[in-house]
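Worksheet for the structure shown next.
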There are 2 protein chains.
Amino acid sequence: MIDVAHHAGVSIASVSKVLRGAPGVSSAMKERVNASVEALSYRPHRLARGMRGPMFTVGVMLSDIENPFFSLLIQGMVEVFGSQGYELQIAPATAGEESQNSVIDSLIDHQMDGLILIAPRGREEHLERIGEQVPMVVIGPHGPSEHYDTVSGDDELGSALIVDHLVSLGHRRIAFLTNEHPADRLNLPESARARGFEEAMGRHGLSDDLLFVPGVWSLEGGRDAARRILEASPRPTAVHAGADVAAFGILSYLWEEGVRIPEDVSVAGYDNSPMGSFTPISLTSVDQSGHEMGAIAAKLLLERIAGRSEPHNDVLTPRLIVRGTTSAPGAAIQSR
Amino acid sequence: MIDVAHHAGVSIASVSKVLRGAPGVSSAMKERVNASVEALSYRPHRLARGMRGPMFTVGVMLSDIENPFFSLLIQGMVEVFGSQGYELQIAPATAGEESQNSVIDSLIDHQMDGLILIAPRGREEHLERIGEQVPMVVIGPHGPSEHYDTVSGDDELGSALIVDHLVSLGHRRIAFLTNEHPADRLNLPESARARGFEEAMGRHGLSDDLLFVPGVWSLEGGRDAARRILEASPRPTAVHAGADVAAFGILSYLWEEGVRIPEDVSVAGYDNSPMGSFTPISLTSVDQSGHEMGAIAAKLLLERIAGRSEPHNDVLTPRLIVRGTTSAPGAAIQSR
DNA sequence: GTGAAAGCGCTAACAT
DNA sequence: ATGTTAGCGCTTTCAC
C-alpha cells in the first residue's frame with residue numbers, strides 16, 4: 001500500500017480510504033489512487049485488513065461433501081453471498097463429531113465473519129456456545145435456539161406425507177431405514193424423519209405394522225437394508241428409505257433380485273435428487289428445495305452479521321413428488 | 001497472547017515459542033504456558049500468525065460443486081493434508097472463466113500457502129503467472145508447465161479404450177457428445193477426450209463414421225443429445241457420452257423412447273461414478289481413480305510448498321469398466 | 001533460557 | 001480533504 005501511496009504521491013491513509021470507498025475523498029484523489037493501483041496491479045492484503053475489521057468472508061462447515069443435496073444448498077448460498085460482496089469458503093469435514101468441531105474451530109480461528117453449519121452433529125449446548133462467539137446459522141432440525149438461527153425442512157411432515165401416500169394406496173406393512181444415530185440426538189434429520197414416520201403410522205392405527213430397519217443412508221447401506229427387508233416376515237409391501245441415496249441402493253438390490261417395483265414393493269426416497277426424476281429410476285420422493293434453503297440460510301447469516309440477535313428458526317414445507325416407484329400393493333398401475 | 005503471558009507470569013515471546021514448538025524453551029516453561037493456554041482456553045489468531053509466516057492452509061478452486069468426481073478428488077486431498085497439519089478450504093466457482101479467476105485471486109489474497117485448481121478454464125499463460133506467485137497444482141490435462149504441477153488422467157487413452165471396445169464389438173458408426181468448448185482450448189478434459197475419440201476412430205479407419213454431437217455434459221444435455229442422435233441418419237449404433245452424467249441423461253431419454261439398450265444403441269460414459277455401477281443402470285465407463293488423483297495432487301502441493309520448483313506432470317492411466325450398456329450392435333448379449 | 005521491541009499491511013482516530 | 005500515527009496479535013531478531 002505504501003508503494004501505491006508513493007506512486008500516486010499521496011498518503012497511505014488516502015489510499016486506504018479510496019480502497020474502502022470511505023467518505024471524504026475527492027474524485028481527483030480517487031482517480032489518482034485507482035490509476036496507481038492499476039499500474040502496480042496492487043491487491044489488498046486480506047489478513048491485514050481482517051486484523052482490524054471484518055474479513056467479508058463466511059465459512060461453511062460441510063459435513064458430507066458427497067451428498068448432492070448439500071451441493072444444492074451451497075449453490076443457493078453462493079448466489080446470495082456473491083451478490084453481497086461476501087466470499088464463501090467451505091471447510092470439508094466428515095460425519096464424526098470431533099472432525100466437525102475442529103473444522104468449526106478452525107473457521108473461527110480464521111476470523112470468518114459468520115458460519116453456516118450444514119447438518120452438524122454437535123450437541124445443542126456446544127452449538128449455543130459457538131453461536132455466542134460468532135454469527136451462525138445451522139441447517140438442520142435444531143430449533144429452538146438462543147444464539148443462532150436455523151433453517152430446515154419439516155422432516156416430520158415429510159415423513160408423514162410419505163406414509164399418508166402409501167397408506168392411501170393400501171399399504172399397511174411399511175419399513176423405514178434408520179440412518180444409525182444415537183437415540184438421544186433428537187436434532188438430526190434422521191431423528192425427525194423417524195419420528196414423523198412413527199407418528200403417522202400410529203395415526204393410521206398401524207403402530208404394529210411398522211418396521212424399523214437399522215442401516216446407513218448410502219448406496220451400500222440401501223442394498224444391505226433391501227436384503228433384510230426381503231427376509232422380513234411378514235414382508236413389508238412398502239419402504240420409506242429415509243433418503244434418495246438409500247432408495248437407490250434399495251432399488252438396485254430389488255431389481256437385481258427380480259423383485260418387481262412397485263408391484264411387489266413400493267419404495268419412497270427423500271430429497272428429490274435430480275437422478276431420481278430420470279427414467280428408469282423415477283423415484284417417488286420428498287422435495288425440500290435445497291437451493292432455496294441455502295439462500296435463506298445465507299440471508300439469515302447476513303442479517304445476523306448486520307447485528308440481529310433474536311433467533312430465527314425457519315422451517316420449509318416439504319412437497320411429496322409421486323413417481324413410478326410407488327403404487328397399490330400388488331398392482332401395476334404404470335409401466336416402467 | 002498477552003493474557004496467557006500474564007497468567008503464566010512469563011513474556012509473550014516465550015508463549016509464542018512454546019506455541020510454535022520453537023527450540024530453546026525449558027520444559028518447565030512449556031508446562032506453565034500450556035497450563036495457562038488451557039486455563040484461558042486461548043486459541044491463536046491465525047491471521048496475525050499468517051502476517052508473519054505461513055498460514056498452514058491450502059485453497060482449492062472447485063469449478064463445479066455438483067460433479068461427484070470432484071468430490072472424490074477432495075476426499076483424497078483431505079486425507080493427505082489432514083495428516084500433515086494443513087487445513088483445506090474450498091472456494092466454489094462456476095464454469096465461467098471470470099468467476100474462476102476471481103475465486104483464485106481471492107484465495108491468493110487470503111495468503112494461502114498453496115493452491116489446487118480443479119479443472120480450471122484459464123489459459124496456460126494465466127495459470128503460469130499464478131504459478132509464479134504461489135505453489136500450485138492443477139488437476140486436468142494441462143501439461144507441460146513451467147511453474148506449477150499437474151495431475152490428470154490420460155483422457156485420450158481413455159477415449160481410445162472406449163472406441164476400441166465398441167469397435168471390437170462390431171460398431172462402426174459411433175457418436176461423441178462434445179462438452180461445448182472453444183476449439184483453441186486444448187487443455188480441457190473435453191478436448192482430450194474428443195481428440196482421443198477422433199484419433200482412435202481414424203486408427204480403425206472409421207473417420208467417416210464418427211459423429212460429433214454438440215452439447216453439454218449434464219443430465220439435461222444428455223437428454224438433448226439423445227434426441228438428436230435418434231434423428232441422425234444414418235443413426236449411430238453406439239455413443240461415447242464423454243461423462244457419466246451425460247450418459248445418464250442419454251440413457252434416460254432412450255429408455256423413455258423405448259429404445260433398447262444395448263441392443264439398439266450402446267452407451268459408454270466416463271468417470272465411473274458410483275451410481276453407474278448399480279442396476280438398472282450398469283453403465284460401461286472409464287475409471288480414473290479420483291481419490292488417488294486428489295491424494296497425488298495434495299502430495300505434489302506439499303512438495304512445492306516445501307521448496308521444489310521443477311514441474312511435475314503426473315498422468316494416471318484410466319481403466320475401462322465394461323458393464324451392461326454396451327454390446328454388439330443388434331445383439332442382446334446380456335439380460336438387463 | 002528468557003524477554004524487549006520492531007514490524008508484518010492494514011484501519012481508524014485524530015490532527016492539520 | 002488529506003496526512004500522521006497508534007495499534008490489531010503475532011513472529012523474530014537481538015540483548016540480557
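So you know, we letter chains A, B, ... as the sequences are listed, proteins then strands, and number each from 1. Below, each value reflects all heavy atoms present in this structure, side chains not excepted, and no hydrogens, waters or symmetry copies.
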What is the distance, to the nearest angstrom, from the [atom1] atom on [X] to the [atom2] atom on [N]?
X       : N      : atom1 : atom2 : value
A:Met55 : D:dC8  : CE    : C1'   : 13 Å
A:Arg46 : C:dT11 : CZ    : C1'   : 14 Å
B:Ile2  : D:dT11 : CD1   : P     : 13 Å
A:Met1  : D:dG3  : CE    : C1'   : 12 Å
A:His45 : C:dT11 : NE2   : P     : 12 Å
B:Leu40 : D:dG9  : CG    : P     : 15 Å
B:Lys17 : D:dT12 : NZ    : C1'   : 9 Å
B:Asp3  : D:dC8  : CG    : P     : 12 Å

* Looking only at N and O atoms, is any donor in the side chain of A:Arg52 or the base of D:dG7 less than 3.5 Å from an acceptor on the other one? -> yes
* Min side-chain heavy-atom separation A:Met1-A:Tyr42 under 4.5 Å -> yes
* When we call it a touch if two heavy atoms are under 4.0 Å apart, what does A:Ser26 touch: a base, just sugar-phosphate, or nothing? -> sugar-phosphate
* Indicate, with a heavy-atom threshold strictly under 4.0 Å, whether A:Gly53 touches base, sugar-phosphate, or nothing. => nothing
* Asked: Does B:Ser16 make a side-chain N or O approach to OP1 or OP2 of D:dT11 shorter than 4.0 Å?
  -> yes
* Phosphate-side-chain proximity, B:Arg20 and D:dT12, N/O vs OP1/OP2 below 4.0 Å -> yes
Which nucleotide, [options], lies nearest any side-chain atom of [X]?
X       : options               : result
B:Ile12 : C:dA12, D:dG9, D:dT11 : D:dT11
B:Ala13 : D:dG9, C:dG3, C:dT11  : C:dG3
B:Arg49 : D:dC10, C:dC10, D:dT2 : D:dC10
B:Ser11 : C:dA4, C:dC8, D:dG3   : C:dA4
B:Val10 : C:dG9, C:dG3, C:dT11  : C:dG3
A:Met51 : D:dC8, C:dG3, C:dC10  : D:dC8

* Asked: For residues A:Glu87 and B:His110, is any side-chain donor paired with an opposing acceptor at under 3.5 Å?
  -> yes
* Does a side chain donor of either B:Ser71 or A:Glu66 reach within less than 3.5 Å of an acceptor in the other side chain? -> no
* May I have the step-by-step check of side chain to side chain donor-acceptor pair (under 3.5 Å) for A:His126 and A:Asn101, ending in yes or no? => CA-CA 9 Å; A:His126 185 233; A:Asn101 287 340; 3.3 Å; yes
* Yes or no on salt bridge (charged side-chain N to carboxylate O under 4.0 Å, His left out) for B:Glu190 and B:Arg121, after CA distance, side-chain angles and deciding distance? -> CA-CA 11 Å; B:Glu190 42 270 48; B:Arg121 289 193 101 82; 3.7 Å; yes
* Residue met sooner reading DNA chain C from 5', once A:Pro44 and B:Met29 are mapped to nucleotides -> B:Met29
